[in-house]
Amino acid sequence: MIHLRQSRSSIIFSESDETLSILHWGKKIGDLNAAAEKALAVATQKPHFHGGLDVAPRNLILREHSRGFIGHPALRGHRNGVAASNHFKLKSASQKDQSMVALFHDEIAELEITLTYTLTPSDVLLIDASVKNLGTTDYFLEHFLYWLPLAEQADELLDFYGHWTKERQPQRREIGYGLTSREGFEGRSGHDYTITQVALNHSTNFRSGEAWSLAMAWSGNNIHHVERLIDGSKAIGAGEYLLPGEVILKPGESYEAPRAIASFSDQGLDGITSNHYDWIRSRSNHITKVRPRPLTLNMWEAVYFNHSFEGIKKIVDKAAEIGVERVVLDDGWFGSRRTDNKGLGDWVVSKDVWPDGLQPIIKYINDKGIEFGLWFEGEMVNADSDLYRAHPDWILQEPGRIPVEGRWQQVLDLTKEGAYNHVLNQVDAVLSENNIAYIKWDHNRHLSDPISDGRAVVRKQTQAIYRLFDELKRRHPGLEIESCASGGGRVDLGMIEHADRFWTSDQNDALERQQIQRWTGLVIPPEFLGTHVGPTVGHQMHRTHNISFRVINALFGHAGIEWNVTEASDEEIATLKSYVAFYKKNRDLLHSGDVVRSDVLVGNAQMYGTVAKDKKRAIFSYMQLTSADNFGPLVATFEGLDSKTTYTFKVVEELSSQDFLQKSHPGWWPSVAMTGEQLANIGLQLPVLKPESGLLFEIVAS
Ligand code: DGJ
C-alpha cells in the first residue's frame with residue numbers, strides 16, 4: 001500500500017491484480033503497519049453481488065471495464081476504430097515523500113499512462129497524468145479523466161453555474177444514481193464554469209463537516225462529473241473536454257493532461273477554502289510575495305469609449321487625492337476602436353484620441369506616484385479592423401464557413417504562428433514604448449468554431465494564451481496580468497499560474513457581488529479577485545447603494561474603484577479616502593488570513609471574516625442583504641479566533657452604515673473587550689440594519 005498524508009487528510013492506494021485502486025481518500029489515518037495493511041485490504045473488500053461479474057468492485061484508478069468496472073472509464077480512445085478497450089497493468093508505483101508516481105502499461109492497446117499524486121502540506125492533492133502512444137499507428141484520444149472515490153457519507157454535490165454579471169452561483173443537490181455532469185465547451189472556462197465541484201454530507205456547512213473537492217487547473221474545455229453506481233460506489237471525476245479529433249497521438253507522442261486539484265476537509269467549506277489558499281499562497285510566484293496589491297482605479301465605467309486627455313486627467317487628480325495606486329485605461333485607446341464593433345486586433349495607439357501617444361498621460365499619472373495599466377483583448381479581432389482586412393485567414397473557423405459573431409468579433413487563431421507573433425509583437429511594442437505595470441486582458445466571446453485548418457484546437461489555443469502571457473512576462477519583468485473575460489469568464493485554477501488577478505465579474509452592484517465574491521472565494525484567494533467600488537447608481541442593476549455598503553463589499557479582494565470619481569459627492573469622497581486608507585493598512589491581513597463564513601446568523605445577512613494566521617487580528621464584515629426576519633437585534637458570533645485571548649472588538653465607524661432601524665444602539669456599541677471563546681459562543685447583539693447596508697469590525701488581541 002502507498003499512503004500519502006498530511007496534517008488533516010490521507011489518500012491510500014492499494015495494489016492487487018497488477019493494478020492500483022484507491023482504498024481511502026478523506027480523513028487522516030495514522031501509520032499503517034503490515035498487519036494494518038492486510039486488515040484494511042480485506043475490510044474494504046466488497047462482496048461479489050448477484051447479477052454482477054465474478055469480481056469484487058473496487059475504486060480502480062483507471063476504471064477499466066475489462067476489470068469488471070461498470071462506470072465511466074478514465075481513458076477513452078481508439079486506433080481508427082480498434083484498440084478501444086483497455087486493460088492496464090501496473091509497472092511500478094513508487095512513493096517519495098508525499099508523492100506517488102504510478103506507471104501503467106496496456107500491452108494490447110499499446111499505451112502507457114503515468115499518474116502522479118502529490119499531497120501538499122496544505123492538504124491539496126495535485127494530480128497529473130500523461131498518456132503515451134507506444135504503438136505504430138495513430139491513437140485517437142477521446143478523453144482522459146481523473147477520478148477519486150467518495151465516502152458513503154458524501155451524499156450531496158455543490159457546484160456552480162452563472163452568466164455575465166452573475167458568475168459562480170451555487171447549486172447544492174443530492175447525489176443521485178447515475179452521472180451528474182457539468183461540461184464546458186466555450187473554449188475558455190466561462191461564466192457558467194463550475195470553478196470546483198464539492199461532494200459533501202448534507203449536514204456540512206461553512207464551519208463544520210466533511211467535504212471533498214475536485215477541479216481542473218485549466219482554462220479551456222472541461223468536464224466535471226459525479227458518479228453513483230449501482231454497486232454502491234460513488235466517485236468524483238474531472239478532465240479536459242476534448243473535441244472530436246482534437247488529440248490524435250502519433251507513435252511515440254504523449255498527451256499531458258491538465259492538472260487536477262483536489263482537497264478533503266473535515267472542517268467544512270471553510271476548510272476547503274483554507275487548503276486552497278494555503279497551497280496557492282505557498283507557491284514561489286504568488287503575487288503577494290512580490291508586492292502588496294495596489295489599490296486600482298479602472299476607467300471602463302468611468303469613461304467607456306470616451307477617451308480624452310483632459311477628462312482622464314481630472315479623474316486622475318481625484319484618484320490621487322483619494323490615494324489610488326494604479327490607474328488602468330480600458331478599452332478604446334487603439335486603432336479605430338471608438339465603439340465596440342471596430343478596431344479590435346490593431347494594437348497601435350490611436351492618433352484620434354491620443355495624438356501624442358500614451359506617454360503624456362502615463363507621465364501625468366506616474367508623476368502623481370500612480371502606476372499605469374492598459375487593456376488588451378489579444379485573442380480577438382473585429383471584422384472592421386486592419387488586421388482582419390490583411391489576414392481574414394487568421395480566425396478560428398470551419399473552412400468555408402464564417403463563425404457567428406459575438407460582440408462583433410471573431411477569435412484569432414493563436415495556433416497559427418503568424419497570428420500569435422502579430423499579437424505578441426504588437427503588445428510587446430506598446431509595453432516597450434510605455435511605462436506599463438499591468439495589463440488587463442479580456443476575452444469577450446466564446447469559441448463557437450474552434451477549428452484551425454479543419455482540426456479542433458481549443459487545447460492548443462489555451463496553451464497558446466498561457467505561452468503568450470508567460471512570454472510577455474519574460475520580456476517585461478514585473479508585468480502583472482489580469483485575466484478578464486467579459487467579466488469573470490476566465491477565472492479558474494489553471495490561470496493562477498499565468499495571471500496575477502481576475503476581474504471577478506462585470507457586476508459592480510454590491511448586493512449581487514456579495515454572492516459572486518463569496519463563492520469565487522471558495523478556492524481563489526481574495527488577493528486575486530478584483531473588487532471595485534462602483535458608482536452611486538450602479539450601471540448593471542441600476543440600483544442605488546450607499547457608499548458604506550459599496551466600500552465594505554469591495555474591501556475583501558484586490559480592492560479598487562470603477563467609477564468616475566469626479567462625480568462623487570464630498571461624503572462619498574471622504575468615505576473613499578477612509579476605504580483606501582483602511583485597505584492599505586490592512587491588506588497584509590486581508591490577503592493572508594483564514595476565511596470565516598458564519599453559519600449562525602439570524603436574518604438575511606452574510607458574515608465574512610479574515611483571521612490572521614497567528615489569530616492576533618481579524619476583520620469581519622456583516623452585510624444585511626434583505627430585510628431581517630425579525631425586528632429585534634440580531635446576534636452574530638465570531639468564530640476562528642483564539643478562545644483564550646481577549647480581543648478589543650470595535651466597529652470601523654467611518655466605513656460602516658450610519659443608518660439604522662432602531663431607537664438606540666446595542667449596549668456594547670461601538671466597542672467591547674471579549675475573549676475568542678465568548679465571541680464564538682455567545683456573540684454580540686447587532687444593531688438593526690436597513691437592507692443593503694453593512695458593518696465592518698476590527699478585532700485585535702489586547
Ligand atoms: C468587458 C470587461 O469585463 C469590462 O471590464 C471592460 O473591459 C469591457 N470588456 C471593455 O470592452
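The analysis underlying the following values was restricted to heavy atoms, covering all of them including side chains, and did not include hydrogens, waters or symmetry mates. All figures in this text were calculated on a predicted structure; none of them were measured in a lab. Both ligands and their constituent atoms are indexed starting at 1 by order of listing.
- Under a 4.0 Å criterion applied to the non-hydrogen atoms of Lys440, ligand 1 contributes the atoms 4 (C), 5 (O), 6 (C), 7 (O).
- The side-chain hydrogen bond (donor to acceptor under 3.5 Å, both in side chains) test with Arg293 is passed by exactly one of Glu480, His591, Glu325: Glu480.
- Ring centroid separation for the pair Trp519 and Phe206 comes in under the 6.0 Å cut-off.
- For a threshold of 3.5 Å applied to N or O pairs, the pair formed by Trp300 and ligand 1 contains no separation below that value.
- Among protein heavy atoms, the minimum distance from atom 7 (O) of ligand 1 is reached at Asp330 OD1, 2.7 Å.
- Within ligand 1, counting atoms from 1 as listed, the ones closer than 4.0 Å to a heavy atom of Cys484 are 2 (C), 3 (O).
- Side-chain contact, Glu527 with His286: a donor N or O sits under 3.5 Å from an acceptor N or O.
- By the criterion of a heavy-atom distance under 4.0 Å, the side chain of Asn444, and not its backbone, is placed next to ligand 1.
- Below 4.0 Å from some heavy atom of Asp331 lie the following atoms of ligand 1, by number and element: 10 (C), 11 (O).
- Annotation: Asn298 places no N or O atom under 3.5 Å from an N or O atom of ligand 1; distance criterion only.
- Near Trp503, the atoms of ligand 1 lying under 4.0 angstrom from a non-hydrogen atom of the residue are 3 (O), 5 (O).
- For ligand 1, the polar-atom distance check finds no N/O of Arg337 at less than 3.5 Å from any of the ligand's N/O atoms.
- Separating the CD atom in Glu654 from the NZ atom in Lys577 is a distance of 14.0 Å, to the nearest 0.5 Å.
- Phe376 and Trp333 have their aromatic ring centers within a separation under 6.0 angstrom.
- Neither the backbone nor the side chain of Ala485 has any atom closer than 4.0 Å to an atom of ligand 1 (non-hydrogen atoms only).
- Using a 3.5 Å distance cut-off with no hydrogens or angles, the side chains of Trp408 and Asp340 do not pair a donor with an acceptor.
- Remark: minimum distance from atom 4 (C) of ligand 1 to any protein heavy atom is reached at Asp506 OD1, 3.4 Å.
- Between Arg407 and ligand 1, at least one pair of N/O atoms sits closer than 3.5 Å.
- For atom 2 (C) of ligand 1, the closest non-hydrogen atom of the protein is Asp442 OD2, 3.2 Å.
- Between the side chains of Ser385 and Arg337, no donor-acceptor pair is found at a separation under 3.5 Å.
- Side-chain atoms of Tyr466 and Ser219 form a donor-acceptor pair, as typed in the model, at a separation below 3.5 Å.
- Aromatic pair Trp503/His532: ring centres closer than 6.0 Å.
- Residue Glu377 does not touch ligand 1, judged by heavy-atom distances below 4.0 Å.
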